[in-house]
Amino acid sequence: MNSESTHDSARDSAGADFIRAIIDQHMVDGTYEGRVHTRFPPEPNGYLHIGHAKSIVLNFGIAEQYGGKCNLRFDDTNPEKEEMEYIQSIQEDVRWLGFEWDGLYYASDYFEQLYQFAETLIQKGLAYVCELSADQIRETRGTPTEAGSNSPFRDRSVEENLDLFRRMRAGEFPDGSKVLRAKIDMAAPNITMRDPVLYRIRRQHHPNTGDAWCIYPTYDWAHGQSDWIEGITHSICTLEFENHRPLYDWCLDALGAAVPNRPRQIEFARLNIGYTVMSKRRLLELVREGHVSGWDDPRMPTICGMRRRGYPPEAIRSFCRAIGVSKTNSQIDIAMLEFHLREDLNRRASRVMAVLDPIKVVIENYPEGKVEQIEAENNPEDPTTGTRMLPFTRELYIERDDFREDPPKKFFRLSPGSEVRLKHTYYITCTDVVKDPVTGAVTELRCTYDPESAGGSTPDGRKVKGTLHWVSAAHAVDAEVRLYDRLFSVENPSDQAAREDVDYKSFLNPQSLQVLTGCKVEPGLREATAGTTFQFLRQGYFCPDSRDSSPERPVFNRTVSLRDSWAKIEQGGGTA
RNA sequence: UGGGACGUCGGCAAGCGGCUAAGCCACCGGGUUUUGAUCCCGGCAUUCGGAGGUUCGAAUCCUCCCGUCCCAGCCA
């Protein structure tokens, strides 16, 4: 079923999560006759995000692990919010993450059957057509501490209910005028069980069924039965559905579902990550109000945003596996995500040189017009990736921050009189600093090189502490580089906003995107295409932007920076 | 003040009555290094929300208490 690419790491020695423990037990006692069938059931009302990835990895991962199946099912019971655009993007994202579904279904595929089930319910005296308005239903539902009261329509005859329900379907009544309700218990302590609505009248064009229906089932009526129809064994969902499980079971019982063909609902805690928001409502809002450039803005926690940012699917998968599955409401440290990102990229990203904030270096004793080809390894973590040639000339660019006229303690990069190594090649020594006569800003560094140091070491064996990345001025390609940072400047935007009674958007990080122009990258990068993430040596991982980059005008997104212990030293030391 | 669920290191998370409470991230040292990256080595909960109790023995069982989350959509 699933592709081999998802096997990327065996489960470690830790015990299986509680869901797998339940399945293990089912395997032992034969509850489902050895069958495991899960499903990933997104509502097509938004783009998938990293929280969905957790669920995808869980559901598809379980199917794979137990030799079972996993369906992709669109939970399209509410045509008001659902769109084709989302149906497309969701499939794209699931596939990109590396999974292939066994069956592709829509809850709407079952509308007829669901309708028939509802008639069965009516016939059993377990559902009735209620004519109370939405407001009246709310008012008679009671509160957490007070029981609700019965609807005056609760005790209609089976015949009347059947007739009314059929006429609802036939379109004889206006939107919102009637609903079908389950007849359970208006005094139930669990509010979900107080005669929940099963069908509503809504003349709304449906992306899949068009105008075939004017009544639509609610989630509660559609979900469990869809699971049942598909032969799902383990219906895994998030914690907020825990209160609905009794209803899920009630529906199945009412229809006579029994093991081994009776789905079991299991709830786990949804993923939360610091410094971002995860609800589709809020993500939609950020898109609609233009706080980000779209669902695929590289700052978004959406799958498409992360893809554009340069995350490989493997990194997302290994993160999802590492965080575990439990029922504890938790929030994962963003550092955990970044760790798995770097771990993956370190292994596979080609090393290249790019100068983000260039300052010119002129090597005075290097012949004018001479061009040497320097051999550079592509990835020290993987020698099979070979080497490439890099042009070296008298005029180069290095990182402005790699030079200090007045170097702090333990700074072992370039400063007047100091000697450093240029990565893959010569040692250079700074001999003079050229400044703008009016601003005093450093505009150019004059250096000398040691011809004996070709290849990065000298016959006399002297050491240099610093190694800098560089690019030949004449050969460098100009590029735009976008540095991304966390979307929000506080760890819990939603919680904090609620506490301080302000809008969560007031915590948007104004520094979340910094655009650098005039960056100088090595020549080969002109040909780079989206989908490949590189390591810009000593800086971080970057990828060509899938929308805006072109050979004529390369644009790179910073996926994540490299860990930087010097920055820590400098910060800590400076303030101490 | 109703019901449901959850509380083990800064963040995740194993543990299911009996070795000195796994592992990962973060953090703090130290080593290697032509990326101050990677890699390697070491440190990091006498304690499991709290208080009682059962037991030879409890994070694991019982009682009470405290805290957090979810539920009053014709959303999912």
Side-chain angles (χ1 to χ4, degrees), chain A residues 12-17 21 41-43 45 75 77-78 80-82 130 132-134 137-139 141-148 175-181 188-194 196-202 215-216 218-220 222-223 237-246 267 269 274 280-281 322-340 342-343 346-347 351 353 377 380-381 410-413 421-425 427 453 455-457 463-469 535-540 561-570:
Chain A
D12 42 34
S13 54
D17 58 70
E43 182 188 11
N45 67 343
D75 222 334
T77 57
N78 183 2
E80 275 183 5
K81 302 194 280 185
E82 297 154 6
C130 179
L132 254 23
S133 69
I137 288 180
R138 180 173 358 99
E139 286 157 14
R141 184 152 28 221
T143 67
T145 52
E146 304 164 73
D175 284 11
S177 60
K178 292 178 175 53
V179 292
L180 182 73
R181 290 227 255 171
N190 178 348
I191 297 173
T192 303
M193 300 298 270
R194 319 239 261 228
V197 171
L198 269 24
Y199 270 93
R200 66 277 215 187
I201 304 173
R202 188 165 296 176
I215 58 173
Y216 290 100
T218 56
Y219 164 87
D220 285 317
H223 203 90
C237 61
T238 43
L239 250 27
E240 64 271 29
F241 293 101
E242 213 156 21
N243 294 324
H244 293 245
R245 183 157 27 117
E267 314 83 15
K280 280 197 269 189
R281 194 208 103 215
I323 56 178
V325 179
S326 75
K327 301 190 68 160
T328 315
N329 273 308
S330 61
Q331 176 163 282
I332 275 73
D333 193 332
I334 186 86
M336 184 76 143
L337 214 207
E338 293 180 345
F339 170 81
H340 287 276
R342 292 190 180 108
E343 182 185 52
N346 173 56
R347 214 180 312 128
R351 273 60 171 174
M353 294 203 283
E377 63 183 348
E381 301 291 323
K410 291 204 261 186
F411 181 85
F412 36 84
R413 277 115 93 146
R421 172 168 42 232
L422 293 177
K423 180 71 180 176
H424 306 304
T425 185
Y427 288 7
S453 64
S457 58
K463 303 288 185 205
V464 288
K465 284 209 173 150
T467 299
L468 313 184
H469 58 278
Q535 183 189 113
F536 283 8
L537 225 54
R538 300 208 303 133
Q539 305 193 99
S561 65
L562 246 31
R563 290 183 58 199
D564 186 355
S565 56
W566 163 243
K568 278 183 193 168
I569 294 169
E570 197 175 31

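In what follows, every chain begins at residue 1, and chains take the letters A, B, ... in the order their sequences are listed.
Here Trp566(A) packs flat against the base of G36(B); its ring centre is closer than 5.5 angstrom to the base's six-membered ring, tilted by less than 30 degrees.
Within 4.0 Å (heavy atoms only), Arg563(A) reaches sugar-phosphate atoms of the nucleic acid but no base atom. Residue Ile137(A) is classed as a base contact, given a heavy-atom separation below 4.0 Å to a base. Using a 4.0 Å heavy-atom distance criterion, Thr143(A) is classed as a base contact. Contact annotation for Ala335(A): backbone-only contact, meaning every heavy-atom pair under 4.0 Å involves sugar-phosphate atoms and none involves a base. Within 4.0 Å (heavy atoms only), Tyr219(A) reaches at least one base atom of the nucleic acid.
Not a single donor-acceptor contact under 3.5 angstrom links the side-chain atoms of His469(A) to the base of A37(B). The base of U35(B) lies close enough to the side chain of Gln535(A) for a donor and an acceptor atom to sit less than 3.5 Å apart.
Side-chain polar atoms of Thr192(A) and Asn190(A) form a donor-acceptor pair below 3.5 angstrom.
Straight-line distance from the CD1 atom of Ile215(A) to the P atom of C74(B): 16 Å, rounded to whole Å. Residue Asn329(A) contributes atom CG, which lies 13 Å from atom C1' of C12(B) at whole-angstrom precision. Atoms CD1 (Ile569(A)) and C1' (A37(B)) sit 13 Å apart, rounded to a whole Å. Rounded to whole Å, the distance from CD on Glu377(A) to C1' on A37(B) is 12 Å.
Comparing the P positions of A21(B) and C12(B) gives a spacing of 23 Å, expressed to the nearest Å. Across C19(B) and A58(B), the matching P atoms stand 11 Å from one another, rounded to whole Å.
Of the candidates A76(B), G2(B), G11(B), the closest approach to any side-chain atom of Pro144(A) belongs to G2(B). Taking the side chain of Thr328(A) as heavy atoms from C-beta on, and the options A37(B), U1(B), A13(B), the nearest nucleotide is A13(B).
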